[in-house]
Amino acid sequence: MSQQPIGVVGAGTMGQGIAQVLVTSGFNVKLFDVAEAQLMRAQGAIEKGLGKLVAKEKLSDADKESALARLATSAALDDLKGCEVIIEAAPEKPELKEKLFRDLSALGSETVLASNTSSLSLTRLAAVCDHPERVVGMHFFNPVPVLKLVEVIRAEQTSDATVARIEALAKDLGKTAVPVGDSPGFAVNRLLVPMINEAAFLVQEGAATPEAVDEAMKLGAAHPMGPLALGDLIGLDVCLAIMEVLQEGFGDPKYRPCPLLKRMVAAGYLGRKSGRGFHHYA
């Protein structure tokens, strides 16, 4: 295992989860966010997550303290210099990610730049970098400490060595790397998010309540969680962004975002993180 730190860009839900898994697996981590308050929240969330592992006897108190000691936070992007790998987990906004990748590319020619994007083109992100062969997709799933899948997405420019490095990192984290082509939505979200969107249409049309939709899919399709509860967990703003990427990428009307989904996002009803989505949360 390399002694060089791993950088994580973005201290939101996904960035927190990725950082937690990295420090738990023995890596030194530099977690970056532009907002100091968000970094403080992330640090608290990671400590809480590690505490749950201690309570379940999956981690000792000493291991928890060691893991926390491996976490450093910073609001200065330059502090990520020297990282062997930087995993970007910023919001799903193409312009924001492209600017980040331009800036990250300037930090060092040897650094592998991995994006946790759930739907955006890796080829497009790689094109703005000085060393596009070192850009790759590393798509984790929420909650990161629990779900084992990592989609590894190869851009047109990505080298074999870069893919091999990210697959090895995923294995070190106890994850299973699945190779996926650089197509809108990749594999899981191309299948999953249109189902959530269609469930929203059922509610909009009055065909079923959110509770009925979720119960039907759990009992009738053996899903552990209904599609609308899952949408609330993912974040309805993220689901909408993915549907917009699918619609733009394929130009197919079957990917039209549900108007109810768009109205809920506009109202700030984003799911669990806002306390209200298709369901209400304390």
Would you kindly confirm whether [X] and [Y] end up in one hydrophobic cluster when ILVMFWY residues are joined by side chain heavy atoms under 4.5 Å apart?
| X | Y | answer |
| --- | --- | --- |
| Leu59 | Ile46 | yes |
| Met138 | Val9 | no |
| Leu125 | Phe140 | no |
| Val180 | Leu149 | yes |
| Met14 | Ile196 | no |

Side chain to side chain contact (heavy atoms under 4.5 Å, CB included) evaluation trace for Leu39 with Gln43 = CA-CA 6 Å; Leu39 289 170; Gln43 207 158 9; over 6 Å; no
Working to the nearest 0.5 angstrom, can you tell me the gap between [X] [atom1] and [Y] [atom2]?
| X | Y | atom1 | atom2 | result |
| --- | --- | --- | --- | --- |
| Asp33 | Arg41 | CG | CZ | 8.5 Å |
| Leu113 | Leu80 | CG | CG | 10.0 Å |
| Glu47 | Gln20 | CD | CD | 11.0 Å |
| Ser274 | Met264 | OG | CE | 8.5 Å |
| Lys171 | Ser25 | NZ | OG | 13.5 Å |
| His223 | Leu192 | NE2 | CG | 9.0 Å |

Under the 3.5 angstrom rule, does the side chain of [X] hit a backbone N or O of [Y] as a donor-acceptor pair?
| X | Y | answer |
| --- | --- | --- |
| Thr158 | Val135 | yes |
| Arg190 | Pro184 | no |
| Asn197 | Cys258 | yes |
| Glu151 | Ala187 | yes |
| Glu205 | Ala207 | no |
| Lys64 | Gly51 | no |
| Gln16 | Ala45 | no |

Would you mind reporting whether [Y] and [X] have side-chain heavy atoms less than 4.5 Å apart?
| X | Y | answer |
| --- | --- | --- |
| Asp214 | Pro227 | yes |
| Thr162 | Arg165 | no |
| Phe141 | Lys175 | no |
| Phe27 | Glu84 | no |
| Asn142 | Leu147 | no |
| Gln4 | Glu110 | no |
| Ile153 | His139 | yes |
| Val178 | Val188 | no |

Check against salt bridge (charged side-chain N to carboxylate O under 4.0 Å, His left out), Arg154 and Asp160 | CA-CA 9 Å; Arg154 180 193 289 266; Asp160 291 343; 3.0 Å; yes
Closest approach of [X] and [Y], non-hydrogen atoms and distance?
| X | Y | value |
| --- | --- | --- |
| Glu167 | Ala177 | CG-CB, 4.1 Å |
| Pro5 | Lys30 | CG-CE, 4.0 Å |
| Ser115 | Lys97 | OG-NZ, 4.3 Å |
| Leu31 | Ala42 | CD2-CB, 3.9 Å |
| Leu173 | Leu22 | CD2-CD2, 3.7 Å |
| Leu228 | Ala199 | CD2-CB, 3.6 Å |

Considering residues, nucleotides and ligands other than Met40, do more than 12 of their heavy atoms fall under 6.0 Å from its CE?
->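 No.
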Considering residues, nucleotides and ligands other than Glu156, do more than 12 of their heavy atoms fall under 6.0 Å from its CD?
->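 Counting other residues, nucleotides and ligands, CD of Glu156 stays at 12 neighbours or fewer.
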Lys/Arg-Asp/Glu bridge criterion (N-O < 4.0 Å) met for Asp103, Lys99 |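 Looking at Asp103 and Lys99, the cut-off is met.
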Side chains of Ser119 and Asn189: donor-acceptor distance under 3.5 Å anywhere?
->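 Judged by distance alone, the side chains do not pair up.
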From CA spacing to verdict: side chain to side chain contact (heavy atoms under 4.5 Å, CB included), Thr209, Val203 = CA-CA 6 Å; Thr209 65; Val203 175; over 6 Å; no
List, one per line, each side-chain donor-acceptor pair under 3.5 Å for residues 66-76, sequence neighbours excluded.
unit_1, atom_1, unit_2, atom_2, d
Ser66, OG, Ala62, O, 3.1
Arg70, NE, Val23, O, 3.1
Arg70, NH2, Val23, O, 2.7
Ser74, OG, Ala76, N, 3.0
Ser74, OG, Ala76, O, 3.3
Ser74, OG, Asp79, OD2, 2.5

Only distances under 3.5 Å count here; give the side-chain donor-acceptor pairs of residues 231-246 to other protein atoms, sequence neighbours excluded, each with its distance to 0.1 Å.
unit_1, atom_1, unit_2, atom_2, d
Asp232, OD1, Phe278, N, 3.0
Asp232, OD2, Phe278, N, 3.2
Asp232, OD2, His279, N, 3.0
Asp232, OD2, Tyr281, OH, 2.7
Asp237, OD1, Lys273, NZ, 2.9
Asp237, OD2, Lys273, NZ, 3.1

Residue pair Phe101, Arg124: steps toward the side chain to side chain contact (heavy atoms under 4.5 Å, CB included) verdict = CA-CA 10 Å; Phe101 270 73; Arg124 179 174 167 179; over 6 Å; no
For Ser105 and Asp130, run side chain to side chain contact (heavy atoms under 4.5 Å, CB included): C-alpha distance rounded to whole Å, both residues' side-chain angles, the deciding distance at 0.1 Å, then the answer.
-> CA-CA 6 Å; Ser105 179; Asp130 295 332; 3.4 Å; yes
